[in-house]
Structures are given as C-alpha cells and as structure tokens.
2 protein chains.
Amino acid sequence: MAHFAYYSEENYLKALYKLEQKGTRKLTNAALSKMLDLNPATVLEMVRKLEARELVSLLPDRSIQLTNTGRQKALVIIRKHRLWEVFLVDKLHYNWNEVHELAEQLEHIESADLVDRLETFLGFPAFDPHGDPIPDKEGHLKVLQSIPVTDCTPGKNYLVQHFAETSDAFLDYLQQVQVKPGIRLQVNGINAFDRSFNVSVGKRNMVISEKVAANILVLPEGANQ
Amino acid sequence: MAHFAYYSEENYLKALYKLEQKGTRKLTNAALSKMLDLNPATVLEMVRKLEARELVSLLPDRSIQLTNTGRQKALVIIRKHRLWEVFLVDKLHYNWNEVHELAEQLEHIESADLVDRLETFLGFPAFDPHGDPIPDKEGHLKVLQSIPVTDCTPGKNYLVQHFAETSDAFLDYLQQVQVKPGIRLQVNGINAFDRSFNVSVGKRNMVISEKVAANILVLPEGANQ
DNA sequence: ATCATTTATTTGGTATCCCAAATAAATGAT
DNA sequence: ATCATTTATTTGGGATACCAAATAAATGAT
Ligand SMILES: [Mn+2]
Ligand SMILES: [Mn+2]
Ligand SMILES: [Mn+2]
Ligand SMILES: [Mn+2]
C-alpha cells in the first residue's frame with residue numbers, strides 16, 4: 001500500500017463535482033472552502049496542487065474547473081461511496097440516515113476490483129439508500145428527472161426519489177417523519193400564510209415547511225426512473 | 001471524522017503485538033524497524049510518540065514494551081483485520097491469499113460498531129481465512145495449541161490450523177500446492193540428506209522443505225480447537 | 001583490552017494537509 | 001468615484017510520518 005493516501009485530494013474532487021452538479025456557475029475558492037469547511041488558504045494551496053496533477057484547471061477569472069480526469073476520479077469516489085452505503089444498509093442493517101460518515105471513510109479504500117465485487121455482491125443496485133443513482137464501472141451516472149415538492153401539481157401522485165440536502169439534521173428529520181425514497185407523496189394544498197405544504201406521505205397527512213418541500217425531490221408516479 | 005487517521009500508530013501497535021507473540025524476548029528498535037520496513041530513525045521517533053500516548057513503555061535497557069492499553073488497541077485492530085478478511089473471502093469470493101493487503105486498509109476504518117455488525121453478518125466466525133483466531137469484542141484471543149510440522153510424530157494424523165509466515169510469497173506457494181487450513185496432513189518421513197519432509201496432504205503425497213514444514217502449524221486430529 | 005560490527009540516536013530534510021493573521025485585489029453599494 | 005465588504009493570496013507555522021547521513025553507544029569476537 002502506498003504511504004500517501006491522498007484522501008484529501010479525493011474529497012476535494014468530490015466537493016468540486018457536487019458544486020458543479022448544483023449548477024454553481026463560477027466555482028470559487030470561497031465556495032469550495034465553505035463546502036469543505038476548510039480555511040481558504042488551505043484550499044488555495046491544495047487547488048494549486050490539484051492543478052499540477054492536472055485534475056483541475058484554474059481559469060483566468062480564478063474560477064476552478066474539473067478536468068475530465070478530475071471529474072472521472074470524482075465519479076469513482078461517488079460510486080464507491082454509494083455502493084458502500086448500500087452495503088451498510090442492506091447487509092449490516094444500519095438505518096439509511098446513519099451511513100454517510102462511514103461511507104466517507106470506506107470510499108477511500110484503494111483497490112482495483114473491490115468495489116466491482118461489492119457491486120456484484122449487492123446485486124447491482126441502481127440507487128443508494130438516499131435515492132441517489134450509483135455511477136457504473138465506466139463512471140456513467142443516470143440523470144434523474146426529479147422535481148422538488150415545491151413544483152408539484154396538487155392532487156397528482158408522486159414518488160419520493162431523493163433529496164437535495166444531505167445534512168445529518170435533515171436526514172434525521174426525514175427519518176423521524178418517515179419520509180424515504182420510494183414512498184408515495186401528494187400535495188394537498190399550500191398554506192398562503194407561511195407557504196407551508198399540506199402533503200400526504202404514504203397513508204399519512206402532514207405539514208412540511210417550504211424549506212423541507214424544496215429539498216424533497218420526487219418523480220411523477222409511473223414515470224421512468 | 002477526525003482528520004488525522006493515526007493509521008501508523010495502529011500499524012506499529014500491531015507489529016509490536018506480533019513480535020511479542022513470536023516470543024521475541026527483547027523487543028528492539030531494530031526488530032521493529034525491520035518488521036515495519038521503515039528507517040530506524042523514523043521508528044524511534046514514532047516509538048517515543050507512542051510512549052507519550054502511554055501505548056508503549058521504553059525500558060531502561062531500551063527495549064520496547066506494549067502497555068495494557070497498547071496491547072488492547074492492537075487486539076482491536078487484529079480483530080478488525082481478521083473479520084474483514086473473512087468478509088472478503090466468504091462474501092466477495094477473494095482467494096484467501098489475496099486479502100491481506102485489503103484488510104491492512106479496512107482494519108483502520110473507525111466506527112463504534114461496524115466491526116461488531118460485520119461479525120454478526122458473518123455469523124461469528126472463530127477463525128480468519130488463514131486459520132488465525134479472531135479476538136472477541138473484549139479482545140480475548142483463543143490460544144492455539146498448534147505445533148509446526150517439524151514437531152509432528154510420523155504416521156500420526158494432523159489438521160492444518162494456520163501458518164507462522166504470512167508473506168505473500170509463502171501464501172502464494174501454499175495456494176499453489178493446495179495447503180490450506182482444515183486440510184489433513186501426515187508426516188511419512190524425513191529425508192536425512194536435506195531434512196526435507198515427505199508428507200501426505202489431503203489425498204496427495206508431496207515433499208516440502210524444512211523451512212516450509214516449520215511454518216505450517218497443525219493440530220492433532222480430534223484435538224479440541 | 002581492542003577493534004569491527006551492529007544498534008541507537010541525532011540532525012536536517014521532505015511530503016501531505018491543515019491553520020491564523022496580514023495583505024492585496026476585486027466587488028458592490030452608494 | 002469612494003469606501004466598505006468580500007474574496008484571494010501571501011506568509012509563517014504546526015502535526016503526522018517518513019528518509020538519509022552522521023555520530024554515539026553498545027555488543028561481540030578475538
Ligand atoms: Mn452519502
Ligand atoms: Mn471522504
Ligand atoms: Mn494496516
Ligand atoms: Mn489473516
């Protein structure tokens with residue numbers, strides 16, 4: 001085993017990929033520092049190392065861009081992270097809101113084929129326990145057509161697909177109110193006063209804040225995954 | 001997750017435990033450096049850090065001794081290492097001679113209960129794929145009464161238990177000649193010329209060098225494990 | 001006891017990642 | 001255009017973990 005693990009490099013690439021996916025137009029040092037919760041000086045230093053390794057490009061306007069190599073590497077880490085999460089939930093019976101931190105560690109295990117064997121063992125799952133798609137061996141990621149609950153047509157049936165937020169606080173909340181991927185959801189109405197949402201989830205009626213509604217992403221029932 | 005992993009500390013403790021078990025009477029810096037394949041200056045520096053952390057004691061004769069805390073920590077790592085090896089062989093279908101390096105990484109995953117869940121999932125195995133006993137939750141390790149093939153009574157039946165050597169070269173050799181834990185072994189005779197051993201392994205007869213014989217550890221057939 | 005070899009230790013580096021504090025540059029609101 | 005705020009960058013450090021080369025100390029064989 002190599003003595004330098006380059007865990008950090010992998011975490012930076014993943015963070016950059018996530019910012020890129022979020023549609024952040026100009027990927028700044030400040031945004032990346034905030035996402036990684038690290039000092040901007042640290043991040044600047046590291047980004048320059050990543051540039052030397054040709055994993056990111058620093059554009060003239062000082063914005064940071066993943067190279068194809070960098071993006072590919074990020075997708076490998078995401079693939080590993082999500083497959084380990086499936087393992088933890090399906091095989092070790094963790095709750096789906098408990099596995100993220102462990103997967104943060106496991107995603108860095110270095111091996112040519114461990115993750116592929118894991119995928120086979122798990123029966124080639126398409127989604128992780130949070131409803132996020134798992135990149136295939138070639139790094140291809142399914143693009144989801146999901147929309148936030150705030151954009152749902154009232155009265156129409158939807159299926160919860162995944163979530164825009166991934167914080168522990170939000171996942172714990174979802175666990176508590178029993179909202180998870182695959183469950184049926186319908187918007188019954190919106191309270192004009194605070195823009196909170198009356199929804200049916202499974203067989204229960206409940207009220208969720210606009211903020212929560214914006215972070216639950218759903219698919220129209222019967223749509224292709 | 002803490003940013004300092006202390007992988008090295010764990011590897012040092014494991015190495016010290018193994019030297020201790022091997023019966024090395026005076027545990028020197030030189031022996032530890034050789035086992036870890038690191039520069040003696042590096043090892044000395046690290047041993048002093050371990051002493052500051054009260055995981056080892058440096059005796060007046062400059063020998064290194066694990067404290068109880070240090071030994072307990074070593075046993076936790078060994079427990080994790082061996083359970084991950086069982087996972088890799090039983091669930092991901094690796095060969096038993098391919099899993100050591102991967103387990104070297106996986107043993108460092110930090111979690112309060114991952115290893116216990118893994119143990120449950122694997123059905124509480126008593127031994128790893130190499131025949132070595134797995135410490136329990138409290139760090140208790142079965143003491144094996146195994147003896148090297150060089151000490152066997154010719155004509156008597158034995159079962160291969162585990163191995164004194166764990167190098168890749170040796171494990172690959174064993175895989176090639178199909179010697180693995182659980183297989184029956186009998187010494188038919190010893191060649192006076194080079195002290196090589198004529199043995200029956202399973203249903204086959206073969207000749208093994210004295211060095212190989214010394215590194216295969218067996219139990220009399222019918223003995224308590 | 002002497003001398004050669006081995007072992008332990010010191011010294012001065014390196015690489016990876018991280019920080020705080022100071023400064024410089026860019027941005028934005030008036 | 002001016003000034004305040006935000007962002008980027010520089011500078012000087014720190015921790016973990018490693019190395020090579022020089023020196024000191026211990027060991028062992030004669
Ligand atoms: Mn996750
Ligand atoms: Mn991570
Ligand atoms: Mn290890
Ligand atoms: Mn083993």
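Letters A, B, ... are given to chains in the order of the sequence lines, protein chains preceding strands, and every chain is numbered from 1.
The salt bridge (Lys or Arg N to Asp or Glu O under 4.0 Å) pairs that include a residue from residues 127-139 of chain A are Arg82(A)-Asp128(A), Asp116(A)-Lys137(A), where partners are two or more places apart or lie in different chains. Applying the ring pair (Phe, Tyr, Trp, His ring centres under 6.0 Å) rule to pairs touching residues 47-82 of chain B yields His81(B)-His100(B), sequence neighbours excluded.
The separation between Leu38(A) atom CG and dC17(C) atom C1' is 9 Å, rounded to whole Å. In this entry the distance linking OH of Tyr7(A) with P of dT16(D) reads 17 Å, nearest Å. The CD-P distance, from Glu10(B) to dT16(D), rounds to 14 Å in whole Å. Rounded to a whole Å, the CG atom of Asp61(B) is 16 Å from the C1' atom of dT9(C). Look at CD on Glu9(B): it is 16 Å from C1' on dC18(D), rounded to the nearest Å. Here the P atom of nucleotide dA17(D) and the CG atom of Asp37(B) are 17 Å apart, to the nearest Å. Residue Leu44(A) contributes atom CG, which lies 16 Å from atom P of dC17(C) at whole-angstrom precision.
In terms of the side-chain hydrogen bond (donor to acceptor under 3.5 Å, both in side chains) criterion, Asp168(A) has no residue partners (sequence neighbours excluded). Under the side-chain hydrogen bond (donor to acceptor under 3.5 Å, both in side chains) criterion, Thr166(B) pairs with no residue, sequence neighbours left out. Listed by chain and number, the residues in a salt bridge (Lys or Arg N to Asp or Glu O under 4.0 Å) with Lys73(A) are Glu9(A) (sequence neighbours excluded). Under the side-chain hydrogen bond (donor to acceptor under 3.5 Å, both in side chains) criterion, Asp37(A) pairs with no residue at all, not counting sequence neighbours. Asp172(B) meets the side-chain hydrogen bond (donor to acceptor under 3.5 Å, both in side chains) test with Asn97(B); sequence neighbours excluded. For Asn191(A), the side chain to side chain contact (heavy atoms under 4.5 Å, CB included) test picks out Asp194(A), Ser196(A), Asn198(A), Val207(A), with sequence neighbours left out.
Side-chain proximity of Tyr6(A) to the nucleotides dC17(C), dA8(D), dC19(C) is greatest for dC17(C). Among the nucleotides dA8(C), dC19(C), dA8(D), the one closest to the side chain of Thr28(B) is dA8(C).
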In B/S/- notation (B base, S sugar-phosphate only, - none; protein heavy atoms under 4.0 Å), nucleotides 20-29 of chain D written 5' to 3' is B-----S---
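Between Tyr12(A) and dC18(C) there is a side-chain polar atom (N or O) within less than 4.0 angstrom of OP1 or OP2.
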Which nucleotides of DNA chain C pair, in dot-bracket form (Watson-Crick or G-U under 3.5 Å, | meaning another strand): ||||||||||||||||||||||||||||||
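A donor-acceptor contact closer than 3.5 angstrom links the side chains of Gln175(B) and Trp96(B). Side-chain contact check for Tyr173(A) and Asn215(A): no donor-acceptor pair (N or O, by modelled atom type) lies under 3.5 Å.
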Tell me which donor-acceptor pairs under 3.5 Å the side chains of residues 56-68 of chain A have, and how far apart each pair is, sequence neighbours excluded?
from: Asp61(A); atom 1: OD1; to: Ser63(A); atom 2: N; distance (Å): 3.2
from: Asp61(A); atom 1: OD1; to: Ser63(A); atom 2: OG; distance (Å): 2.9
from: Thr67(A); atom 1: OG1; to: Glu54(A); atom 2: O; distance (Å): 2.9
from: Thr67(A); atom 1: OG1; to: Leu55(A); atom 2: O; distance (Å): 3.1
from: Thr67(A); atom 1: OG1; to: Gly70(A); atom 2: N; distance (Å): 3.0
from: Asn68(A); atom 1: OD1; to: Arg71(A); atom 2: NH1; distance (Å): 3.1

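Within residues 45-54 of chain B, the residues approached by DNA chain C to less than 4.0 Å at the level of any non-hydrogen atom are Arg48(B), in residue-number order.
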